[in-house]
Amino acid sequence: LAILSGDDAHDLFTRTFNPALVQRESTVRSQHREAASNVLAVAAEKLHSPRLATLAYQVKWDAFTRVKKAIDDMIAQLTAEKEAEIKHKDFCVDEFN
């Protein structure tokens, strides 16, 4: 973890990563998602269709679902790594004694 949070890593990340590019792509995707959601919502209202309304809602919030899944996956991976490190530490302590 120190490798990723050190000054050298921060400097490398700052030099090689351009957040402006990510933000533009994210903004464009967000605009497209919002437009699709609005079209579906208007059609749902016009046709009195709860299925289309649900679909409009899902399209609008789908990005958050993927982000939550990614965060959950990261938490699961970190938990597994933590358990492996604890086992390794316990093994080392037992071997040392």
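- Once rounded to the nearest 0.5 Å, the distance linking CG of Asn38 with CZ of Arg33 reads 13.0 Å.
- Taking hydrophobic clusters as Ile, Leu, Val, Met, Phe, Trp and Tyr residues chained together by side-chain heavy-atom distances below 4.5 Å, Leu47 does not share a cluster with Val42.
- Atom CD of Glu45 has 12 or fewer neighbouring heavy atoms from other residues, nucleotides or ligands inside a 6.0 Å radius.
- Between Ala56 and Ser37, the shortest heavy-atom contact is O-OG, 3.0 Å.
- Between atom CD of residue Gln77 and atom CD of residue Glu81 there is a gap of 5.0 Å, rounded to the nearest 0.5 Å.
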Take Ile86 and Lys82 through the test side chain to side chain contact (heavy atoms under 4.5 Å, CB included) and record every step on the way to the result. CA-CA 6 Å; Ile86 290 171; Lys82 176 184 165 189; 4.0 Å; yes
